[in-house]
Amino acid sequence: MRGLKLLIGVVCGMSLGSGALSAHPLDGLSAAEIARVSEIMRAQGLADAQTLYPLIELIEPPKAEVLAWPEGETPDRRARVHYSSAQGFQSAIVNITDSFVDEHGPAAGQPMVLFAEFISAMEAALGHPDMVAGLEKRDLSPDEVFCLPLTAGNFFTEEYQGTRLMKVPCYLNPTGSNFYAKPIEGLFAVVDLNRREALRVVDEGAIPLPQDPWGYTEEEVAERTALRPESNPARLSQPGGPNYKIEGSLIEWDIWRFRTRIDKRPGVVLSNIDVNDDGEWRSVLYQAHLSEVFVPYMDPGEGWYWRTYMDSGEYGFGLFLTPLTPGVDCPAHATFLPAVINDDSGQPLEIPGAICVFERNIGDPAWRHFEVFAQSEETFVPAEGRPETELVVRSASEVGNYDYLIDYRFKQNGEIYIKIGATGLDAVKGVASTSMTDPTAAEDTRFGTLIAPHLVAPFHDHYFNFRLDFDIDQPRNNFGVMEIVPAKLEADSPRRSMWTVEHKMPKTELEARYQISAKSPRYFHLMNPDRTGPLGHTPGYMIHHGSIAYGPFDFENDPPMKRNAYIEYSVWNTLHDPAQRYAGGAFPMQGDGSDTLAEWVKADRNLMGQDIVTWFSAGFHHIPRMEDWPVMSTEWKTIHIMPHNFFAHNPALTIRKDE
């Protein structure tokens with residue numbers, strides 16, 4: 001229990017944010033606005049001092065209003081509120097500007113987990129006599145362990161009807177930094193958060209407990225093995241100060257400008273992403289943010305099959321943002337910005353240093369060319385080129401054992417990279433085996449890798465769905481696909497195999513779903529049908545590629561896959577709908593999959609010349625290895641967005657030389 005209580009203490013001990021009023025319709029809720037929401041709720045008799053708030057988030061004004069908003073005018077501010085009551089969870093729309101609750105009623109599903117529920121689940125698990133008995137069989141007492149409440153998914157059985165479940169395994173209290181090194185395998189409680197009690201305890205029998213603490217601090221590593229020799233650090237620095245400007249939520253750098261905020265569920269939200277094209281500010285994306293994270297484990301055992309987490313919708317990437325460390329998470333010269341979200345009681349909570357913004361040049365050329373024909377015996381003409389600098393907006397969320405970094409990297413050539421960095425600790429299960437030569441090893445490693453004595457890391461996946469609302473110059477765009485296909489050659493052609501590009505334009509939502517394969521290369525193109533470039537091209541941006549993963553999943557009969565069927569395709573397109581913000585639905589906690597991206601597209605609405613939202617699922621399969629333990633190297637995955645006939649020439653042409 002000590003581990004999670006420590007985490008909660010750190011988060012809840014963070015300071016309150018500024019009470020300054022927001023200046024733009026898409027700015028995040030300020031500390032004053034969050035506090036005002038709970039005041040309005042109490043004033044109208046909908047809440048009291050005991051009310052808990054899983055979510056208070058901005059309700060954005062309609063896009064047309066935002067795009068027509070006159071700068072300097074105070075926007076209407078409204079918040080979506082999920083809160084507890086004697087009747088269960090409720091949902092409300094609070095008009096902060098008018099100090100009134102516009103709507104309220106029963107929530108359409110189960111909201112994100114509260115910190116208070118983590119505590120009650122731990123206490124309920126350790127308070128059950130069968131858990132105490134199970135620990136005694138292993139020569140342990142409740143004081144020697146901490147328990148970790150985990151969302152239990154939904155497997156459409158009676159147990160999930162009318163309940164709010166978490167499953168709670170336990171670990172030996174750490175003697176060092178690693179809280180996950182000593183799992184008590186085969187023992188866990190099933191807790192109903194609504195009743196605040198453990199419904200039952202599963203005990204599959206004791207197995208040998210891991211003994212190695214596997215710490216990962218420098219001091220702990222030095223006790224285990226020799227550190228590398230001291231070396232001269234290679235650091236990024238910016239002696240002249242940053243070239244970007246930050247005014248409120250607005251960030252301007254080089255040819256880019258955009259707004260940033262933090263929401264409790266998705267974390268960082270970027271809006272109004274514009275690029276400067278030879279003096280004209282042009283829209284690229286109205287908004288981009290994380291939509292859902294799905295992490296299904298591949299172990300069918302009683303203690304593991306249900307581990308199919310929806311990390312953003314069940315836990316909250318904004319809620320679990322962690323303060324970034326200068327010199328480790330970001331360069332020391334970065335600008336560190338706080339995040340303000342709501343705590344359980346509906347009060348503002350500030351997470352310091354939750355975002356870092358920085359420029360970096362890592363020595364790569366933005367472009368270069370060496371001209372051999374310009375050389376002579378008398379004159380050497382060096383390569384012409386320009387140094388590349390990029391702007392990075394970074395955050396890091398720790399959801400359980402994993403740490404996820406989310407980067408938005410802006411390039412001087414008009415490209416955007418969304419990067420997902422996965423690090424932290426493997427989730428591990430205790431086993432009897434200490435070596436692959438043990439007689440138990442074959443069975444112990446059917447669904448995972450033995451990464452240390454008595455520890456198997458099960459196979460699993462990571463999927464990150466992003467909602468990308470492209471507005472190429474305007475909201476009304478077309479979506480197209482450029483496919484690499486065999487070229488039709490004349491019979492007398494000396495070449496027998498070549499390729500060409502075939503342009504296709506899906507007309508409806510169901511047609512506009514795509515898997516990505518190196519054997520069938522294609523590029524996804526959002527374009528403005530009402531504008532032409534200097535050579536007559538239709539300007540656009542395209543998703544050039546992304547890190548993708550597909551598995552042999554049953555999306556009709558396997559409950560976790562039915563709830564997260566958006567991973568069946570990497571690219572989806574829907575009509576813009578402000579209510580459809582998250583691929584996993586508004587209430588993914590024990591959701592049934594009926595309110596998800598894979599269901600919305602069944603309306604099969606027309607996409608031609610409409611305001612289109614593109615969704616991209618980046619993913620990877622994780623086959624653990626010994627090198628992952630006791631802490632994993634950061635693994636980066638990518639979504640690459642680039643201009644396509646948007647500019648008249650290479651926009652990086654105008655970069656100055658770095659004298």
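The structure displayed is predicted, hence computed values, not measured ones.
Checked by atom type and distance alone, the side chain of Thr322 never pairs as donor or acceptor with a backbone atom of Glu398 at under 3.5 Å. The main-chain N or O of Arg386 is never found under 3.5 Å from a side-chain atom of Arg368 such that the two would form a donor-acceptor pair. Remark: the backbone N or O of Leu150 is not paired with any side-chain donor or acceptor of Tyr309 at under 3.5 angstrom. Between the Ser517 side chain and the Lys519 main chain, a donor and an acceptor come within less than 3.5 Å of each other. Using modelled atom types, one side-chain atom of Asp438 and one backbone atom of Ser435 make a donor-acceptor pair closer than 3.5 Å. No side-chain donor-acceptor contact under 3.5 Å links Glu223 to the backbone of Glu220. Using modelled atom types, no side-chain atom of Asn361 and backbone atom of Pro387 make a donor-acceptor pair closer than 3.5 Å. Using a distance-only test at 3.5 Å, with no hydrogens or angles considered, no donor-acceptor pair links the side chain of Tyr566 to the main chain of Trp615. Side-chain atoms of Thr638 never come within 3.5 Å of backbone atoms of Lys419 as a donor-acceptor pair (strictly under, hydrogens ignored). With hydrogens and angles ignored, the 3.5 Å screen pairs no side-chain donor or acceptor of Thr423 with any backbone N or O of Asp403.
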Side-chain polar contacts of residues 296-304 - donor-acceptor pairs under 3.5 angstrom, sequence neighbours left out - could you list them?
residue: Asp299; atom: OD1; partner: Gly301; partner atom: N; Å: 2.8
residue: Asp299; atom: OD2; partner: Lys429; partner atom: NZ; Å: 2.9
residue: Trp304; atom: NE1; partner: Glu185; partner atom: OE2; Å: 3.0

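For residues 305-318, the set of pairs meeting the salt bridge (Lys or Arg N to Asp or Glu O under 4.0 Å) definition, not counting sequence neighbours, comprises Glu314-Arg563. Residue pairs meeting the salt bridge (Lys or Arg N to Asp or Glu O under 4.0 Å) criterion with at least one partner in residues 617-633, sequence neighbours excluded, are Arg625-Asp628.
Inter-residue side-chain proximity for Leu468 and Ile543 is flagged as met; some heavy-atom pair is nearer than 4.5 Å. With a 4.5 Å cut-off on side-chain heavy atoms, Met122 and Pro149 count as touching. Within the 4.5 Å cutoff, the side chain of Trp256 has heavy atoms near those of the Ile416 side chain. A 4.5 Å side-chain heavy-atom check between Val113 and Thr151 finds at least one atom pair inside the cut-off. In this structure the side chain of His621 never reaches within 4.5 angstrom of the side chain of Phe459, judged on heavy atoms. Put simply, the side chain of Leu285 does not reach to within 4.5 Å of the side chain of Leu270, judged on heavy atoms. Residues Ile567 and Phe555 meet the side-chain proximity criterion, which asks for heavy atoms closer than 4.5 Å. Considering only heavy atoms from C-beta on, Phe115 stays 4.5 Å or farther from Asp343 through its side chain.
Of the inter-residue distances, the one linking Glu390 atom CD with Asn413 atom CG reads 10.5 Å to the nearest 0.5 angstrom. Annotation: the span from Ile641 atom CD1 to His545 atom NE2 amounts to 11.0 Å, rounded to 0.5 Å. Residue Leu135 holds its CG atom at 7.0 Å from SG of Cys147, rounded to the nearest 0.5 Å. Note that OG of Ser312 and CG of Leu290 are 5.0 Å apart. Values are rounded to the nearest 0.5 Å. Rounded to the nearest 0.5 Å, atoms CD1 (Ile251) and CD1 (Ile273) are 10.5 Å apart. Atom OG of Ser397 and atom OH of Tyr315 lie 14.0 Å apart (nearest 0.5 Å).
Judged as a salt bridge (Lys or Arg N to Asp or Glu O under 4.0 Å), and not counting sequence neighbours, Asp461 has no contacts. For Tyr569, the side-chain contact (heavy atoms from CB on, under 4.5 Å) partners two or more places apart in sequence, or in a different chain, are Arg513, Gln515, Trp572. Listed by chain and number, the residues in a salt bridge (Lys or Arg N to Asp or Glu O under 4.0 Å) with Glu415 amount to none (sequence neighbours excluded). Every residue meeting the side-chain contact (heavy atoms from CB on, under 4.5 Å) condition with Asp254, not counting sequence neighbours, appears here in chain and number order: Gln412. Qualifying side-chain contact (heavy atoms from CB on, under 4.5 Å) partners for Thr445, counting only residues two or more places apart in sequence or in other chains: Met436, Leu450, Val456. Annotation: ring pair (Phe, Tyr, Trp, His ring centres under 6.0 Å) contacts of Phe464 (sequence neighbours excluded): Tyr404. The side-chain contact (heavy atoms from CB on, under 4.5 Å) test applied to Pro560 returns Phe155, Phe294, Thr308, Asp558, not counting sequence neighbours. For Glu635, the salt bridge (Lys or Arg N to Asp or Glu O under 4.0 Å) partners at least two apart in sequence or on another chain are Lys637. For Asp263, the salt bridge (Lys or Arg N to Asp or Glu O under 4.0 Å) partners at least two apart in sequence or on another chain are Arg261, Arg581.
With respect to Arg224 and Asp212, a salt bridge is recorded, a charged nitrogen being found less than 4.0 Å from a carboxylate O. Electrostatic pairing of Lys562 and Glu556 does not count as a salt bridge here, judged by no charged N lying under 4.0 Å from a carboxylate O. Taking the charged nitrogens against the carboxylate oxygens, Glu292 and Arg265 do have a contact shorter than 4.0 Å, which makes a salt bridge.
When all heavy atoms are compared, the tightest approach of Asp203 to Gly205 is OD1-N, 3.0 Å. Minimum heavy-atom separation, Pro183 to Gly430: CG-N, 3.6 Å. When every heavy atom of Met131 is checked against every heavy atom of Val168, the shortest pair comes out as CE-O, 4.0 Å. Contact between Leu193 and Ser120 at its shortest, heavy atoms only, is CD2-OG, 4.4 Å. When all heavy atoms of Ala198 and His128 are compared, the closest pair comes out as O-CD2, 3.5 Å. The two residues Thr634 and Gly421 come nearest to each other via the heavy atoms CG2-CA, 3.9 Å.
Between Phe620 and Tyr463, the distance from one ring center to the other does not fall under 6.0 angstrom. Phe320 has its ring centre no less than 6.0 Å from the ring centre of Tyr402.
The neighbour count for Ile484 CD1, taken as heavy atoms of other residues, nucleotides or ligands under 6.0 Å away, is above 12.
Between His460 and His622, the angle of the ring planes lies from 30° to 60°, which puts this pair in the tilted group.
A donor-acceptor pair shorter than 3.5 Å cannot be found between the side chains of Ser141 and Glu136. Residues Asp444 and Ser433 have side chains that bring a donor and an acceptor to within less than 3.5 angstrom of each other.
The cationic atom of Arg522 (NZ for Lys, CZ for Arg) does not lie both less than 6.0 Å from the six-membered ring centre of Tyr514 and within 45° of the ring axis.
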| request: Take Glu359 and Asn243 through the side chain to side chain donor-acceptor pair (under 3.5 Å) test and state the conclusion after the steps. | output: CA-CA 8 Å; Glu359 295 168 271; Asn243 295 300; 3.0 Å; yes

